[in-house]
Q: 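Here you go, one structure.
No experiment lies behind these values; they were computed from the predicted model shown. Only heavy atoms go into these numbers, but all of them, side chains included; no hydrogens, no water, no symmetry mates.
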Amino acid sequence: MISLVTTVLNDQQGCIDFFAQMEAQTCLPEEIVIVDGGSTDGTWEFLQNYQPTQPYSLRAIQEIGCNVAQGRNLAIAQAQHDSIVSTDIGCTWEPQWLEELAQPLLKDNQLEAVMGSWQVRWQDLKSDWAKVEYALHDGLKLIATSTSHASSRSIAYRKSLWEKIGGYPEDLTLAGDDMIFALLLQQTTAQITCAPIPRCYWQRPVTLKSFCQEALRNFRGGGEAGIWLDYGILVGGRLCFEACCLMFSLFWLFWASPTWLGILFLASFLISAGARVRRLVPAIRRLNACSYIEGWYRLLVFEYIIRFWGLIGYWQGFVLGLQQCQECRNRLRNLKLRTV
């Protein structure tokens with residue numbers, strides 16, 4: 001018996017696509033539980049009126065103002081079955097996705113979780129910036145193993161394990177809850193397997209502004225939880241170093257003396273930026289391999305801008321987390337997971 005859970009906010013078309021693809025699965029869930037966070041675009045009315053074309057029950061719940069973690073916890077709490085499969089509306093799925101993710105739990109009573117694979121496909125990318133991100137990350141994908149930190153866009157686990165973990169951390173503002181849940185899951189049980197074939201496809205933003213907003217949101221979640229501190233310090237330190245070297249070099253070269261100081265700062269900036277450019281060479285080759293040779297100049301712009309907004313989000317979240325996210329941080333500490 002399978003309960004499929006997800007959340008939604010203002011995405012009626014995403015819901016339409018979701019039901020069409022779930023109802024084409026080779027293994028149907030017994031129920032789908034969706035929590036709506038207070039949609040105002042007709043999504044909630046659509047969910048209330050939707051009539052499934054396959055024999056499963058649909059439970060739509062509205063909790064206005066809830067964050068993603070609260071919505072996931074509510075959906076799981078309302079689920080009628082112990083085998084929980086989680087995903088995100090807005091992805092796309094092959095027909096075998098649900099079967100390969102849920103069947104291990106149904107066949108082995110000792111098993112407690114299945115880490116799901118996912119990927120981004122080049123043919124799904126709708127903008128130059130999305131293609132640049134794809135090249136920078138060598139194609140975005142997770143080929144899951146039993147030790148993977150699977151995203152909640154493709155994961156299965158027992159409701160009893162969710163209860164043992166304590167659910168998703170609700171004190172994080174918006175993002176990062178699925179990463180923390182995966183960390184806690186891996187520390188709570190060893191009865192884990194994986195679905196190694198990626199049949200869930202993650203859809204990426206279109207505009208550079210959307211990518212910046214995503215980076216701000218995601219890294220804020222990490223900062224609130226108190227993880228990734230080395231990223232915040234090392235990446236932030238290097239970015240500040242390059243910015244300071246560039247500003248000081250311009251000041252001493254054009255407005256002050258001695259000019260040799262300007263040359264020294266400029267050389268320091270060029271060495272650090274040059275090392276960054278060299279690291280982008282494999283990404284340029286990937287773009288060339290995809291017959292997108294005109295996108296190489298966007299790589300450096302994307303590299304700097306996304307890192308900048310990621311760092312802004314991280315340190316915003318870090319400061320906020322000192323006051324508002326102690327429950328999440330304490331849960332990580334209690335399981336001997338490193339936090340600040």
Side-chain angles (χ1 to χ4, degrees), residues 2-29 31-37 39 41-43 46-47 50 52-54 56 58 60 68 71-72 75 84-103 114-144 148-157 175 178-179 182 194-207 210-211 213-214 217-218 286 290 292:
I2 304 166
S3 293
L4 176 61
V5 300
T6 190
T7 62
V8 69
L9 179 65
N10 292 328
D11 191 1
Q12 183 174 342
Q13 185 59 52
C15 288
I16 294 171
D17 296 339
F18 169 76
F19 286 121
Q21 292 176 68
M22 290 306 107
E23 291 170 9
Q25 293 291 306
T26 56
C27 172
L28 292 172
E31 68 171 350
I32 295 179
V33 185
I34 299 180
V35 172
D36 179 277
S39 295
D41 69 338
T43 298
F46 170 80
L47 291 174
Y50 184 76
T53 63
Q54 295 287 358
Y56 65 85
L58 171 62
V68 177
R72 284 173 174 152
I84 305 293
V85 175
S86 172
T87 194
D88 290 336
I89 288 176
C91 295
T92 57
W93 307 264
E94 292 184 10
Q96 302 88 351
W97 170 74
L98 186 58
E99 179 178 6
E100 293 182 2
L101 201 54
Q103 283 301 313
V114 183
M115 303 293 101
S117 302
W118 55 267
Q119 73 176 55
V120 173
R121 297 182 295 190
W122 176 265
Q123 61 267 32
D124 292 336
L125 302 178
K126 298 179 175 64
S127 74
D128 294 332
W129 295 114
K131 293 173 181 177
V132 164
E133 183 203 39
Y134 182 94
L136 276 173
H137 296 286
D138 193 15
L140 291 159
K141 62 183 172 182
L142 172 69
I143 305 301
S148 295
H149 296 146
S151 165
S152 289
R153 75 178 61 95
S154 184
I155 190 172
Y157 44 82
D178 56 346
M179 169 58 76
C194 65
I197 301 174
R199 300 193 187 278
C200 174
Y201 301 110
W202 190 22
Q203 303 302 304
R204 304 303 296 129
V206 174
T207 66
S210 297
F211 278 104
Q213 291 171 335
E214 182 186 71
R217 179 177 65 247
N218 289 345
R286 292 178 200 118
C290 294
Y292 187 64

Q: For residues R72 and D88, determine if any side-chain heavy atom of one lies less than 4.5 Å from a side-chain heavy atom of the other.
A: yes
Q: Any idea which heavy atoms bring T6 and T87 closest together, and the distance?
A: OG1-O, 2.8 Å
Q: For Q25, does its backbone N or O pair with a side-chain atom of E94 as donor and acceptor, under 3.5 Å?
A: no
Q: Report yes or no: does S117 contribute a side-chain atom to a donor-acceptor pair with the main-chain N or O of I143 at less than 3.5 Å?
A: no
Q: Can you see whether S151 engages W118 through a side-chain donor-acceptor pair at a distance of less than 3.5 angstrom?
A: no
Q: Is it true that E31 and S3 share a donor-acceptor pair across their side chains at a distance under 3.5 Å?
A: yes
Q: Where do P205 and A130 come nearest, in terms of heavy atoms and distance?
A: O-CB, 3.7 Å
Q: Out of V5, V85, L4, I84, which residue meets the side chain to side chain contact (heavy atoms under 4.5 Å, CB included) rule with P29?
A: L4
Q: Out of W93, W202, W97, Y201, which residue meets the side-chain hydrogen bond (donor to acceptor under 3.5 Å, both in side chains) rule with S154?
A: W97
Q: The criterion is ring-ring contact (aromatic ring centres under 6.0 Å, His included); which residues satisfy it with Y56, sequence neighbours excluded?
A: none
Q: Show me the pairs that pass side-chain hydrogen bond (donor to acceptor under 3.5 Å, both in side chains) and involve residues 130-140, at least two apart or across chains.
A: E133-R204, D138-R286
Q: Using the side-chain contact (heavy atoms from CB on, under 4.5 Å) rule, take L101 and C200 through it: C-alpha gap first, then chi angles, then the decisive distance, then the call.
A: CA-CA 10 Å; L101 201 54; C200 174; over 6 Å; no
Q: Taking T7 for its side chain and V68 for its backbone only, find out whether a donor-acceptor pair lies under 3.5 Å.
A: no
